[in-house]
2 protein chains.
Amino acid sequence: MDHLPSWLLTQTAAHAHRLVTEGFAAAGAKGYHYRLLASLIADGPASQAALGRRTAIYLSDLVGALNELESAGFVERSPDPADKRRNVVAVTAAGRERGAELAARAAAVQDELLAPLSAEEREQLAGLLRRLLEHHALPVRPARHEPPGAARVSVRNEERPPSADGDLSA
Amino acid sequence: MDHLPSWLLTQTAAHAHRLVTEGFAAAGAKGYHYRLLASLIADGPASQAALGRRTAIYLSDLVGALNELESAGFVERSPDPADKRRNVVAVTAAGRERGAELAARAAAVQDELLAPLSAEEREQLAGLLRRLLEHHALPVRPARHEPPGAARVSVRNEERPPSADGDLSA
DNA sequence: GACTAACGTTAGTGGCACTAACGTTAGTCA
DNA sequence: TGACTAACGTTAGTGCCACTAACGTTAGTC
């Protein structure tokens, strides 16, 4: 059984998930919260749909997670004047702080998780995993079933990353 | 975000899980079924508690999975004459066949998953993951909360692995 | 004969991934 | 202009897997 890479992968991931969840739960947070805050801090405000793509969180799950973050005052939703369908989600000052706190916890967990590996080995592992993810390129999370041929043709005014830290000073 | 090993790990694992689930679902099976059959085939019959330890499946989940496998005729439960608390779970001939079928599917998935990696790299990845698992040695899944000091003292007549393929000829 | 622990079982929780359907708003193109 | 298509946010619900809690039963221990 332990010769199957997918077994090793899922078991290790399960353990990682265990550690992460534990670390976050101690702060009353869950994984989605961190993912979202981290993405907002690193890459700036975005519509929910765009956020979902960035974080690989389904739109349907996003709604709930954002509700939680919003009612805790960590993010703000405001209607996009340029497109009434969209909410622009931005992180607040408190959210930034929260993000940093969760990042610290996440980092601590990494160390615990990777304890037996040397620095080079950690890089090796990360590199291999990254390559796996890039191939299989998790190619835009469909909000609903996409007509199989129709992938991303007209990109229109798609959110381009705020080119640097555009509005990051929220 | 993609600099966090645990992120890479869980994302890759999620994808692996996706592929595996898909592959098994096409055969009307789920992950637990394969894990159990594989363990029974490879390491012989066992009590449910022992099986749970071998496969890292919780006893509570095991019951359901075994019910499914049993009613499909893939495994048999019989009372252990030496210990009335125990069921001895053994794989049937049909179960062996089913196991092989699922193993083939699992193997196919591995290839798809690891497509971008060379043989050495695959070994590397497996090795690194194995080391992570060994450290953090997922040390005997507690059936219920264990008094923190009391881990595995008197092992009594614990199932020792059937030393080779003891009863594998079921 | 009391105590403790392992056994199998039932029931239920929680995180994460994923599907389905709905009303609304934007662009496209006849 | 008006039909069509697609993206948007939302609600509701499913499924797999990990995990907790509690119960009655059977085994060993002192």
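Just so you know, these numbers use all the heavy atoms, side chains as well, and skip hydrogens, waters and symmetry mates. Residue numbers begin at 1 in each chain, while the letters A, B, ... track the order of the sequences.
When distances run from any side-chain atom of Ala49(B) to the nucleotides dA26(C), dC16(C), dG8(C), the shortest one goes to dG8(C).
Residues passing the side-chain hydrogen bond (donor to acceptor under 3.5 Å, both in side chains) test with Arg130(A), sequence neighbours excluded: none. Under the rule for a side-chain hydrogen bond (donor to acceptor under 3.5 Å, both in side chains), Ser78(B) has no partner lying at least two apart in sequence or in another chain. By the side-chain hydrogen bond (donor to acceptor under 3.5 Å, both in side chains) test, Glu76(A) is found to be paired with no residue, residues two or more places apart in sequence or in another chain being considered. Residues that satisfy the side-chain hydrogen bond (donor to acceptor under 3.5 Å, both in side chains) test with Asp61(B), not counting sequence neighbours, are absent from this structure.
Distance His15(A) NE2 to dA18(D) P: 13 Å, rounded to the nearest Å. Atom CG of Leu9(A) and atom P of dC17(D) are 14 Å apart (whole Å). Look at CG on Leu62(A): it is 12 Å from C1' on dC8(D), rounded to the nearest Å. When rounded to the nearest whole Å, the span between CD of Glu68(B) and P of dG15(D) equals 12 Å. Between His17(B) atom NE2 and dC17(D) atom C1' there is a gap of 7 Å when expressed in whole angstrom units. Rounded to an integer number of Å, the gap from Ile57(A) CD1 to dA17(C) P is 8 Å. One can place CZ of Phe24(A) at 20 Å from P of dA18(D), the figure rounded to the nearest angstrom. We find that NZ of Lys84(A) is positioned 14 Å from P of dT24(C), with the value rounded to whole Å.
Between Asn87(B) and dT9(C), a side-chain N or O to OP1/OP2 separation shorter than 4.0 Å is present. At dC7(C), none of the side-chain N or O atoms of Arg77(B) fall inside 4.0 Å of OP1 or OP2 (strictly under the cut-off). Remark: Gln11(B) is not in phosphate contact with dC16(C), judged by side-chain N or O atoms under 4.0 Å from OP1 or OP2. Put simply, Tyr58(A) has no side-chain N or O that comes within less than 4.0 Å of OP1 or OP2 on dC16(C). Remark: Arg53(A) is not in phosphate contact with dA7(D), judged by side-chain N or O atoms under 4.0 Å from OP1 or OP2. Within the structure, every side-chain polar atom (N or O) of Gln48(B) is placed at least 4.0 Å from both OP1 and OP2 of dA6(C). Look at Arg18(A) and you won't find any side-chain N or O under 4.0 angstrom from OP1 or OP2 of dC16(C).
The 5' end of DNA chain D is approached more closely, in terms of each residue's nearest nucleotide, by Val63(A) than by the other of Val63(A) and Ala14(A). Nearest-nucleotide positions on DNA chain C place Lys30(A) closer to the 5' end than the other of Asp80(A) and Lys30(A).
In this model, a side-chain donor or acceptor of Ser60(A) finds a partner on the base of dT19(C) within 3.5 Å. Side chain Arg85(A) to base dA7(D): a donor-acceptor pair is found below 3.5 Å. Side-chain atoms of Asp61(B) come within donor-acceptor range of the base of dC19(D), with a qualifying N/O pair under 3.5 Å.
In secondary-structure terms, DNA chain C builds stems of at least 3 consecutive Watson-Crick or G-U pairs, each pair having both distances under 3.5 Å, at C:1-30 with D:1-30.
Annotation for Glu101(B): atom CD counts as buried by contact number, over 12 foreign heavy atoms lying within 6.0 Å.
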Give the table of side-chain donor-acceptor pairs shorter than 3.5 Å for residues 26-34 of chain A, with sequence neighbours excluded, one pair per line with atom names and distance.
from: His33(A); atom 1: ND1; to: Lys30(A); atom 2: N; distance (Å): 3.3
from: His33(A); atom 1: NE2; to: Glu68(A); atom 2: OE1; distance (Å): 2.6

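Each of Arg53(A), Arg85(A), Arg77(A) was scored for a side chain to side chain donor-acceptor pair (under 3.5 Å) with Gln48(A), with one residue passing: Arg77(A).
For the atom pair CZ (Arg18(A)) and CG (Leu113(A)), the distance works out to 11.0 Å, reported to the nearest 0.5 Å.
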